[in-house]
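Below is one structure; the comments refer to it alone.
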Amino acid sequence: MDFFSLFVMDFIQQLQSPTLAFLIGGMIIAALGSELVIPESICTIIVFMLLTKIGLTGGIAIRNSNLTEMVLPMIFAVIVGIIVVFVARYTLANLPKVKVVDAIATGGLFGAVSGSTMAAGLTVLEEQKIPYEAWAGALYPFMDIPALVTAIVVANIYLNKKKQKEAAHDHESFSKQPVAAGDYSDQQDYPSSRQEYLSLQQPADNRVKIWPIIEESLRGPALSAMLLGLALGIFTQPETVYKSFYDPLFRGLLSILMLVMGMEAWSRVGELRKVAQWYVVYSVLAPFVHGLIAFGLGMVAHYATGFSWGGVVVLAVIASSSSDISGPPTLRAGIPSANPSAYIGASTAIGTPVAIGLCIPFFLGLAQALSGG
Amino acid sequence: MDFFSLFVMDFIQQLQSPTLAFLIGGMIIAALGSELVIPESICTIIVFMLLTKIGLTGGIAIRNSNLTEMVLPMIFAVIVGIIVVFVARYTLANLPKVKVVDAIATGGLFGAVSGSTMAAGLTVLEEQKIPYEAWAGALYPFMDIPALVTAIVVANIYLNKKKQKEAAHDHESFSKQPVAAGDYSDQQDYPSSRQEYLSLQQPADNRVKIWPIIEESLRGPALSAMLLGLALGIFTQPETVYKSFYDPLFRGLLSILMLVMGMEAWSRVGELRKVAQWYVVYSVLAPFVHGLIAFGLGMVAHYATGFSWGGVVVLAVIASSSSDISGPPTLRAGIPSANPSAYIGASTAIGTPVAIGLCIPFFLGLAQALSGG
Amino acid sequence: MDFFSLFVMDFIQQLQSPTLAFLIGGMIIAALGSELVIPESICTIIVFMLLTKIGLTGGIAIRNSNLTEMVLPMIFAVIVGIIVVFVARYTLANLPKVKVVDAIATGGLFGAVSGSTMAAGLTVLEEQKIPYEAWAGALYPFMDIPALVTAIVVANIYLNKKKQKEAAHDHESFSKQPVAAGDYSDQQDYPSSRQEYLSLQQPADNRVKIWPIIEESLRGPALSAMLLGLALGIFTQPETVYKSFYDPLFRGLLSILMLVMGMEAWSRVGELRKVAQWYVVYSVLAPFVHGLIAFGLGMVAHYATGFSWGGVVVLAVIASSSSDISGPPTLRAGIPSANPSAYIGASTAIGTPVAIGLCIPFFLGLAQALSGG
């Protein structure tokens, strides 16, 4: 059991890394009822600085590197983003008491990427001194946007089909009264009183426009900051400010954010009780399943084009993460009939801590065992 | 007068240290009517970072050090925290126009510890290159919690006794009408319209539960942050984040907080005019008296177990400080009938600037004169 | 064309410096509709830290330097501050559809100094490794306050004269009814419903008191922070906190502020549409004209007392900047009848980006071409 003992030792050691320790610390002090509060404005600026730094790193790396080696990992990132939604569509959506649109939205959120989780992954890799491509952070949007677009498109195709079926059904069964309670709630699917979010849908000809969803994603604060950093890294010379500010403060700011995410995860656990218990099962398993798909594809890139083992871990961590900042507003706009308690609760309360606290050490240990073996 | 001249020179030099200079600067610009405002959220995160750093320092030190040498200073910290309340009970409380519960609450606040004052003390010690035990900051809760618990217990014992006496008195003097005005106001003692704070008391059998007070203290944002840092320092390996973030930013963040405390002190001076003038006398003298008691006990530890002179100064500074963040809410909950203007005004407007601006240089000079002489 | 090609190459290179790149990046992402928001409280603390740092730099420099060499640049700063207002009075104010008080207020704002623009100028100088006097930042108030005072005095003299003329005119033309619409709006000059701002004026004897305007300027958050830094730099020993905190964080914090100013500039462009188009012309040209006046005077100081070329650029940049923080409230108080959309829109939307993005590279290139040629 050499592989296994290596893996377990590594796992335990990583829980002591500042990044994971602050996450667990946040959960513990929240569980103990601490009144500690990190102001909202501080969290906002921390997320901005982390994602700008990741963007700058990627941009500077892209400026100095061979673009062709990025192609395969980028394609794989897109593929994983799309697959994740279909995994939710054909597993979670078919479970009892789970609404199909809620399941698709949850899949979209778990396919989308969390900047904080990615930052944690990159930091743990550095703490363990495992090299990875500096442009790996730039894979973020290549998985994030396809996942959100796919979720919104799939959800709307489903809703349109259902509507047509119901219209046909209504004609047929005009006399079949009364409707069963379960049937009724399924037909409704939270008929959107949230008309304000409907802007992303095109109600007239029942087709979904893809471009507005992409635009909405790109405009979100997290992706804006990252793409700004990327552009500045590629086209300007931000090295002085990168070395004196964004890079040295990165780990410390991340530790504060991890603490906040730990406290947040604990406080959101309650929300999950309101939705079907299957979300809990999905939220625990999905990060591993998604990460393993990405890890497998990453290994293909490793053997095909020399993608580093560190890069494979980054791809797996991005896949196992679920979006906490940019995803929710885009999904609310794109699938207004889905229940936010379901997908946000599943992601924040379980998905994110599992991805950071369990998947990062797991994939890192896996890579070390495979590469060292 | 070798001792005295050494002391005066040292005192003047320390006023030029950034920590004290920013405090005095804050008082001066507030006095000149500056419209400078440091946002509340910035102060919150600064306090979090300072106390997390102090906790981390302590935790890392405890992990690597001999625990037995901490025992005596810890016991002395507890003793000082308790004595301080009784000093207020038998001096301030007996002065004219001072209500007994207000005096006990003020004693509790002056016994409790200010993280900012402690941070200032540690920084001035480092600026003067005087060594102290790295775990000295961990003495904080050992003085803070006993002081608050003692104050709340003593206040409630007093209030219960008075109630019983009044009940007996009412029986005896049923016919003695009318009641004198002074007597009346004494009987009332702000009969708590603040019923929401009564949770910490057990009204049924007139006994005070101690555990909820301790729990309330530990949950406050200041102690939470410090204990989190302490736990992370002991059980995990936060060295990277400590060295790249919490430690280098410490002094700078403290300088901003000192500025805020200087401005705050100036703006609170007005509140003191509403309460008895004896609070002013107490607030000026108490930090020195409490600090000297702690300094004396610290010297015992110095000669008994080799506690460093720097550590003696830390113990004295902790004792001379009065709580500004964690103390007030705990006291409002524990002694709802005490007047917050009295104890918060006394602490913020006079106690804290005296402790930082006068007591830190005083005890540091004392230690240098004694150790050098 | 050696001079010109040197200048163009330098200009393009400087647009890649982090400071200017973040400004342009902010304008671009705002134009693309990014939802990125930097919280207000973060901007406040960044401005505080930048100006405290500039003050500390100046104060430490003044403590260690020959004061006599500061005299000439200081006098020139005062002269430029006054001239700028008269430039606006005799150019912008005489253009069609421009109200005289609005023009004077705009002149005051363009004469006043922007701490952020100055910070950007100092940083670009450092990025280009061009030496300048460390006390150059301390020239700020010597241009800022005279400009604001002059604007308020000139505006009030104008308003008083007009009122006397109107009173005389009213007597003469008592029967000439009705008044033309254009005439009417001119007579009104936004009759101040903003009575709360009138405190700075002395309505009784129609003379303007200068001291309250100076006092108001000095109390503003930007100048308070800078003067506090200056005083601490001169009278105390803030070197430790300067080197560990204010100095290393300067460039990074500036990059965030530049981003915010870029976004802000874009969002304010709309306001300019409401006022006369001449404001646009003035806002583009004025930074260059003011900067050239200061550059010329700076060259006099260069040849007379050895003021460095870097210092000449700082003086020109200060002159080309227009106030964004301290200026507007002082002007609203001092000239309540002027329209803030006019002067704030002109300054924030055009003046500041022109000063930072065009004037800094322009004057730096000019100095390099002149000194190198």
Side-chain angles (χ1 to χ4, degrees), chain A residues 38-53 55-56 59-60 63 115 199 211-212 214-250 252-253 325-326 328-330 333, chain C residues 12-46 49-50 53 119-120 122-129 243-260 262-263 357 361:
Chain A
I38 304 294
E40 189 58 32
S41 58
I42 301 299
C43 298
T44 306
I45 194 71
I46 289 179
V47 168
F48 165 79
M49 283 185 63
L50 296 183
L51 289 174
T52 303
K53 189 265 176 183
L56 287 170
I60 295 172
R63 203 202 313 145
S199 57
W211 181 240
I214 296 177
E215 220 174 44
E216 173 93 2
S217 298
L218 292 171
R219 277 178 185 163
L223 259 183
S224 285
M226 207 206 140
L227 294 173
L228 173 75
L230 207 58
L232 291 173
I234 295 175
F235 299 115
T236 74
Q237 271 143 15
E239 276 83 356
T240 51
V241 88
Y242 176 83
K243 279 181 199 152
S244 71
F245 190 68
Y246 292 98
D247 191 39
L249 293 179
F250 188 76
L253 294 173
I325 297 163
S326 55
T330 307
Chain C
I12 288 166
Q13 199 200 330
Q14 284 173 58
L15 289 183
Q16 295 192 304
S17 88
T19 306
L20 304 188
F22 271 84
L23 180 85
I24 297 166
M27 296 176 81
I28 291 173
I29 66 169
L32 294 175
S34 164
E35 285 153 18
L36 182 70
V37 172
I38 304 294
E40 190 59 32
S41 59
I42 300 300
C43 298
T44 306
I45 193 71
I46 290 179
M49 284 185 62
L50 296 183
K53 189 265 175 182
L122 299 177
T123 304
V124 173
L125 278 170
E126 279 163 32
E127 284 167 359
Q128 307 284 319
K129 301 202 169 53
K243 278 181 200 153
S244 71
F245 190 68
Y246 291 98
D247 191 38
L249 293 179
F250 188 76
R251 287 189 191 187
L253 293 173
L254 182 65
S255 74
I256 299 178
L257 195 64
M258 287 293 116
L259 186 71
V260 173
M263 294 192 291

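Below, chain A is the first sequence line, B the second, and so on; all start at residue 1. Excluded from the calculations below are hydrogen atoms, water molecules and symmetry mates; all remaining heavy atoms, backbone and side chain alike, are included.
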Residues 44-52 of chain A, side-chain donor-acceptor partners within the protein, below 3.5 Å, at least two apart:
from  : atom 1 : to    : atom 2 : distance (Å)
A/T44 : OG1    : A/E40 : O      : 3.0
A/T52 : OG1    : A/F48 : O      : 2.7

List the atom pairs, donor and acceptor, that lie under 3.5 Å between side-chain atoms in residues 19-36 of chain C and the rest of the protein, sequence neighbours left out.
from  : atom 1 : to     : atom 2 : distance (Å)
C/T19 : OG1    : C/E127 : OE2    : 3.4
C/S34 : OG     : A/S224 : OG     : 2.7
C/S34 : OG     : C/L36  : N      : 3.0

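Nearest heavy-atom pair across C/G252 and A/V241 is CA-CG2, 3.5 Å. When all heavy atoms are compared, the tightest approach of C/S255 to A/Y246 is OG-OH, 2.8 Å. Contact detail for C/S41 and A/S41: the closest heavy-atom pair is OG-OG, 3.2 Å.
Interface remark: A/F235 contributes backbone atoms only to the contact with chain C (heavy atom separation under 4.5 Å).
Residue with the most contacts toward chain C among A/L218, A/T236, A/L249: A/T236 (heavy-atom pairs, distance under 4.5 Å).
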